Amino acid sequence: METESEPYVRLASLRQLHQVMADMNTARSLADTLQTVADGAVNALGYEMACVNLVRPDGDLVVAAFSGNSAAEALITGRAGSRESWDRRLNMGEQWGDLVFIPHTEGWVLDDDDVPQWYTDGPAPRFEDEWHPSDRLFAPMYTPGLQGGSSGELLGVISVDRPRNGRRPGAWGREALQMYAFQAAIAISNARLRANMQRALVRLEREQQALRASEESFRQAFEYAPSGMAIAEMGGDQHGRILRTNDALCRLLGRPASAMRRYSFSDLVHPEDIGTLLRTSAEGGRAELRLGRRDGSYVWVSLRNSVVADAADGPRFLLTHVEDIEERKRRELQLAHRASHDSLTGLPNSAELRSRLSARLCRRPAQTGALESLDAAYGHPAFEAPAGHGFDFAPGAEAYDAYDHHVHSIAPEGDRDDGTKGLAVLFCDLDGFKSINDRFGHNAGDAVLIEVAQRLSRGVRDGDTVARLGGDEFVILADGLGRADAQDLAVRLRNEIIQPIRAEGRAVRVGASFGIGWAHCGMTADEVLKSADERMYVEKRSRPKQHRRAG
């Protein structure tokens, strides 16, 4: 670039400067931009050497590009100087606008610091504006778009050396270098932005590839899972609606995928399990319930929900895993049935009988006349009721409401039918059963017990309980009977039992003795059974032996 001694600036020089600036802004990468900046200072501004020092993330400046001297380029490119040393350079010497000129008379103090530099000794200047080999000229580059230039963030420094005309730059040369540094800062910022965008695009593409791979893996895992899988909506008007199912779930329920999308799980679940489903859907988690098949039957499944959340919108979908547990449930029900039922007759056993009876009885007096039993139970006539039981000792009350939703069992009073309906307990003992075992063997005895169990079951109402207490003893629980009703039931059941029974190829007969007890709150199950048992023995002893069984 011509010095200010020239009366004009050649048009070719301006064109060259314009081309260099255009090249800076069209470079393909940050490295290309930095090298173009260094080359432009040499080719367009008329300096023999130029160096671009770029600020690193840690604040130090690294020699990122060099132009004009291959030996110097090999020596200092890639080396870094501390920010502290650079700040000292930019704060000393002569300020030419945004430029910093350090004459050789002052620059000797910088010879031993850590900033990479290249210089040669030479003779003292012969005239005032002659360039000395140890003179230094720096053009700081600041973030663009800020007022005041040097008040912005420092991006780097262009350092130039040895003008080709041998003179310090005049006003025009200084203005050109300062303008060039400003344009270089814009080009470097844009190049960094492009590089960041390219890295972001590459990272985004990699993430999208990973996402596509993940989605494909999920799709295959979902579609080909050996157990049922479904995706359902969460929230809104369509909450719970099934969006997608796999083949395993469709096969399990016997429904095509197109039909499944018309349902939600609440449409398919057994009515008794709807509460379990709603709790599981709201909270996520696991539940065991029954789902309806297309043929109207139900299958036991283990249903496990996972909430698929969206970072912005919160929970969006339910991913539901459905496992067929029908066989396990069947085994569990069989084991539970075996534990609570007699293996020979299939009737509820003694433990199940006591459980059902105890469930109907609360430990409290049914009438005011039973207060004495409470006194005895608690050891003091003025006892305080247990916390939370809510006993009501209002004067004249006939019953005390111990349980909010409990219907108290009461018993008819006296020997006459007073119209009271209660829980009748019929204790049945077979007459003549031992002689059948002794004469014909245990197989014949077992056949008799099985047939008696069937006749008793056929002779009672739905909802009544027929249980085998043990041996040849049976118990019937029949609720809502009056005293006459219970006696009629005992007569009917006895008449059924005494009919001939086929056992081991022969006809045998047994009789039956019945004792009728009444369950009421305040009694234990054992107390109720003992009362019925005692009445059975009273009844057995009251009848002539020949009437106890037919021959």
Side-chain angles (χ1 to χ4, degrees), residues 347-377 391 397-403 405-431 452-453 456-457 459-470 472-497 512-543:
L347 295 178
N349 59 18
S350 175
E352 178 67 12
L353 171 67
R354 285 174 166 80
S355 175
R356 294 186 185 185
L357 185 53
S358 298
R360 290 296 314 276
L361 305 175
C362 62
R363 299 292 294 157
R364 53 167 292 291
Q367 297 176 349
T368 54
L371 281 173
E372 292 81 0
S373 65
L374 282 174
D375 296 341
F391 287 90
E398 295 185 356
Y400 302 95
D401 195 7
Y403 302 92
H405 303 290
H406 180 70
V407 179
H408 298 303
S409 294
I410 58 177
E413 295 182 355
D415 295 331
R416 298 181 62 182
D417 194 342
D418 60 357
T420 302
K421 304 294 184 180
L423 176 58
V425 181
L426 283 68
F427 198 106
C428 173
D429 180 79
L430 300 183
D431 300 328
V452 169
L456 290 174
S457 298
V460 299
R461 304 164 303 175
D462 291 341
D464 292 344
T465 295
V466 178
R468 183 187 177 196
L469 193 61
D472 60 347
E473 295 178 335
F474 298 84
V475 174
I476 297 93
L477 303 182
D479 200 5
L481 297 184
R483 189 173 296 277
D485 298 329
Q487 292 170 350
D488 289 343
L489 177 61
V491 171
R492 285 190 287 104
L493 294 177
R494 181 185 296 113
N495 291 335
E496 288 291 330
I497 292 173
S513 297
F514 281 87
I516 303 175
W518 297 93
H520 60 82
C521 289
M523 299 178 69
T524 66
D526 287 336
E527 289 171 346
V528 174
L529 294 174
K530 181 180 179 182
S531 172
D533 186 27
E534 291 173 348
R535 286 180 170 81
M536 183 274 299
Y537 276 106
V538 170
E539 196 268 349
K540 184 186 289 284
R541 287 192 296 267
S542 68
R543 290 189 298 118

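Every heavy atom of this structure was used, including side-chain atoms; hydrogens, water molecules and symmetry mates were not. As the structure is a prediction and not an experimental result, all values here were calculated from the model.
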Quiz item: How far apart are the C-alpha atoms of Val425 and Leu529, what are their side-chain angles, what is the distance that settles it, and do they pass the side-chain contact (heavy atoms from CB on, under 4.5 Å) test?
Solution: CA-CA 7 Å; Val425 181; Leu529 294 174; 4.1 Å; yes

Closest approach of [X] to [Y] (non-hydrogen atoms, all atoms of both residues):
X	Y	result
Ala519	Leu361	CB-CD2, 4.0 Å
Asp479	Gly422	OD1-O, 3.5 Å
Val475	Leu353	CB-CD2, 3.7 Å
Ala453	Phe474	CB-CE2, 4.2 Å
Asp464	Ala478	OD1-CA, 3.6 Å
Leu481	Trp518	O-CZ3, 3.4 Å

Exercise. Begin from the C-alpha positions of Leu469 and Phe427 and carry the test side-chain contact (heavy atoms from CB on, under 4.5 Å) through to its verdict.
Key: CA-CA 9 Å; Leu469 193 61; Phe427 198 106; 3.4 Å; yes

Please tell me if the side chains of [X] and [Y] come closer than 4.5 Å, counting only heavy atoms from C-beta onward.
X	Y	value
Lys421	Asp485	yes
Asn349	Arg468	no
Leu493	Cys428	no
Arg360	Arg356	no

Spacing of [atom1] belonging to [X] relative to [atom2] belonging to [Y], to within rounding of 0.5 Å:
X	Y	atom1	atom2	value
Leu357	Thr524	CG	OG1	8.5 Å
Thr465	Ile476	OG1	CD1	10.0 Å
Arg535	Lys530	CZ	NZ	12.0 Å
Cys362	Met523	SG	CE	13.0 Å
Gln487	Phe514	CD	CZ	13.0 Å
Arg494	Leu426	CZ	CG	9.5 Å

Exercise. Using only heavy-atom distances, determine whether the side chains of Ser513 and Asp429 contain a donor-acceptor pair under 3.5 Å.
Key: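 Not at all, the side chains of Ser513 and Asp429 share no donor-acceptor pair under 3.5 Å.
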
Quiz item: Between the main-chain N or O of Ala351 and the side-chain N or O of Ser355, is there a donor-acceptor pair closer than 3.5 Å?
Solution: no

